[in-house]
Amino acid sequence: MAKRLTTYILIGLVLGLVAGWAINAALGGENPTPDQAATLATIAKWLGLVTTVFLHFIKMIIAPLVFGTLVVGIAHMGDTGALGRVGLKSLLWFITASLLSLTLGLVLVHILQPGVGLNLPLPAATAASGIDKSAFDPIKVIEHIFPTSIADAMAKNDILQIVVFSVFFGVAITAVGERAAPLVKAAEALTKVMLQVTDYVMRFAPFAVFAAVAATLVERGPGVIGKLGYFMLSVYIGLALLWLMLGLLAWLFVGRRSVSLFRYIREPVLVAFSAASSEAAFPRTLEALDRFGVPNRISSFVLPLGYSFNLDGSMMYMTFASLFIAQAYGIHLDLGTQIAMLLTLMITSKGIAGVPRASLVVIAATLGQFRLPEAGLLLVLAVDHFLDMGRSATNVVGNAVAASVVARWEGQLDPIEPAEIEPPHAPSHGLTGKS
């Protein structure tokens, strides 16, 4: 089943590229008339609706799935000491991986120099990128971590707030003991049901992938890729090297079995890449890690945290975009300033994953702090969707590696199960099969 779905998603991706390109070329190409441009925008809007519906389905799953798996995982840990130990190890890995991503981006942007030679004139001081930075306020970001209502957090699909509540809830269940056993069973049942819902929703993925890629090319055309092609190539070279480094680290800590990890997570990685959304891959990543041998009590804790604190692909992209803008405008930044900028990006990006276009919001706010033209974001905005595909897939890889490494540190990697997902009618080995 997994192989078939992966094949269908790839077919949808290719057909989306062909269809989007053909429709754009048929209706004016690079120089459409106003009427043609309006038609292209309308077609792109209707195609985008298909992807939006799919992402809504995915978001419908995430809140109850995160709550159920996290509560069950904490209950199965048995004590708060184990929870604190896993949490500290996770944060240690997240900080290390973030520094690795930022440093790799810094080195590569100096080697490849994607913005050098553009020599763009500095925009007016009042020019803006159009990105809303209001969500960036550090005080509001910190306040936002702590929920006032779990119902509100679930309604807004705020993963970090759901994690905070679920941790308290799971620890309380552990403290109450046997009297809370029915709640643990209910959470286990909820998890199994949501995984079955995931199976239904994922059958819609190839159509969503087709629509997402086609909509982007219909409206913008293939020319937008060529204009910033070297910048995009530079980012993808960086992401490829980051994958290699994450793989080497996984091999170092997990051992030879880490080589097969990428085979287990290939479907969620492809989903994240095609839909340009890490969230879209969340349920399948949990299942893949379970089959790889990461106990659900660890994956259900590390993975949701990683979605807020361990966005490796986004971290490196923010480095590239910020320094690319400086290069494009011929603005020299000394090494100390660049390092300060990267540390700022690392700190301010934590906990903001739920904000639309979170990477662009963080970059826009950081540019202003270092007196770089915020309007420079307009340079990368046109190709942001194509870059978001790569960084979303990388975020999934980074979080899968993090969960595997933490499980190994805990000495709790279970035997590997078959990589393929069983058909829905077959007996399930759901996430709650390991405790």
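Quick note: numbers below take in every heavy atom, side chains included, and nothing from hydrogens, waters or symmetry partners.
Of all heavy-atom pairs between Ser166 and Phe67, the closest is OG-CD1, 3.3 Å. The two residues Thr51 and Ala208 have their closest heavy-atom pair at OG1-O, 3.1 Å. Between Gly87 and Phe301 the shortest heavy-atom distance is CA-CE2, 3.5 Å. Of all heavy-atom pairs spanning Ala75 and Thr174, the tightest one is CA-OG1, 3.9 Å. Scanning both residues, Pro304 and Val163, for their nearest heavy atoms gives CB-CG2, 3.4 Å. Ala281 approaches Pro268 most closely through the heavy-atom pair CB-O, 3.1 Å.
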Steps toward salt bridge (Lys or Arg N to Asp or Glu O under 4.0 Å) verdict (Arg284, Asp199): CA-CA 9 Å; Arg284 282 299 203 222; Asp199 181 79; 3.8 Å; yes

Check against side-chain contact (heavy atoms from CB on, under 4.5 Å), Leu323 and Leu333: CA-CA 9 Å; Leu323 296 180; Leu333 298 174; 4.2 Å; yes

Working for side-chain contact (heavy atoms from CB on, under 4.5 Å), residues Val86 and Trp409: CA-CA 9 Å; Val86 170; Trp409 283 348; over 6 Å; no

side-chain contact (heavy atoms from CB on, under 4.5 Å) evaluation trace for Gln196 with Lys192: CA-CA 6 Å; Gln196 186 61 52; Lys192 289 184 178 180; over 6 Å; no

Residues Leu303, Leu289; criterion side-chain contact (heavy atoms from CB on, under 4.5 Å); working and verdict: CA-CA 10 Å; Leu303 209 58; Leu289 288 173; 4.2 Å; yes

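Judged by distance alone, the side chains of Asp334 and Thr337 do bring a donor and an acceptor atom under 3.5 Å apart. Judged by distance alone, the side chains of Asn399 and Asn310 do bring a donor and an acceptor atom under 3.5 Å apart. A side-chain donor-acceptor contact under 3.5 Å links Asn395 and Ser314. Under the 3.5 Å distance criterion, with hydrogens and angles disregarded, a donor-acceptor pair is assigned to the side chains of Asp388 and Ser392.
At most 12 non-hydrogen atoms from other residues, nucleotides or ligands lie less than 6.0 angstrom from CZ of Phe168. Within 6.0 Å of CZ on Phe207 lie no more than 12 heavy atoms contributed by other residues, nucleotides or ligands.
Between the CD atom in Glu267 and the OG1 atom in Thr285 there is a gap of 9.0 Å [rounded to 0.5 Å]. Going from atom CG of Leu100 over to atom CH2 of Trp93 covers 8.5 Å, rounded to the nearest 0.5 Å. A distance of 9.0 Å separates OG1 of Thr319 from CG of Leu104, quoted to the nearest 0.5 Å. For the atom pair CD1 (Ile237) and CD1 (Ile111), the distance works out to 10.5 Å, reported to the nearest 0.5 Å. The line from OG of Ser322 to CG of Leu345 is 4.5 Å long, rounded to the nearest 0.5 Å. Atom CE of Met316 is separated from atom CG of Leu311 by 13.5 Å, given to the nearest 0.5 angstrom.
Counting only heavy atoms from C-beta outward, the side chains of Met194 and Met60 never approach each other to under 4.5 Å. The shortest side-chain heavy-atom distance between Val71 and Val184 does not fall under the 4.5 Å cut-off. The shortest side-chain heavy-atom distance between Leu99 and Leu343 falls under the 4.5 Å cut-off. You'll find the side chain of Lys89 stays beyond 4.5 Å of the side chain of Val302, heavy atoms only. Proximity of Val14 to Phe210: side-chain heavy atoms (C-beta onward) are nowhere separated by under 4.5 Å. Counting heavy atoms from C-beta on, the side chains of Lys45 and Leu49 never come closer than 4.5 Å. At least one side-chain heavy atom of Asp414 sits under 4.5 Å from a side-chain heavy atom of Pro295. Using a 4.5 Å heavy-atom threshold, the side chains of Gln327 and Val109 count as touching.
Ring-centre distance between Phe57 and Tyr200: not below the 6.0 Å cut-off. Ring centroid separation for the pair Phe165 and Phe169 comes in under the 6.0 Å cut-off. Ring centroids of Trp243 and Tyr236 are separated by 6.0 Å or more, keeping the two rings apart.
Counting only distance, with no hydrogens or angles, the side chain of Ser234 and the backbone of Pro114 share no donor-acceptor pair below 3.5 Å. Looking only at distances, a side-chain donor or acceptor of Ser258 sits under 3.5 Å from a matching main-chain atom of Gly255. Checked by atom type and distance alone, the side chain of Arg257 pairs as donor or acceptor with a backbone atom of Phe292 at under 3.5 Å. The backbone N or O of Asp152 sits less than 3.5 Å from a side-chain atom of Ser149, completing a donor-acceptor pair. Within the 3.5 Å criterion, the main-chain N or O of Leu112 finds a donor-acceptor partner in the side chain of Tyr230. Looking only at distances, a side-chain donor or acceptor of Ser300 sits under 3.5 Å from a matching main-chain atom of Thr69.
Between Phe231 and Tyr317, the two ring planes are tilted [angle within 30° to 60°].
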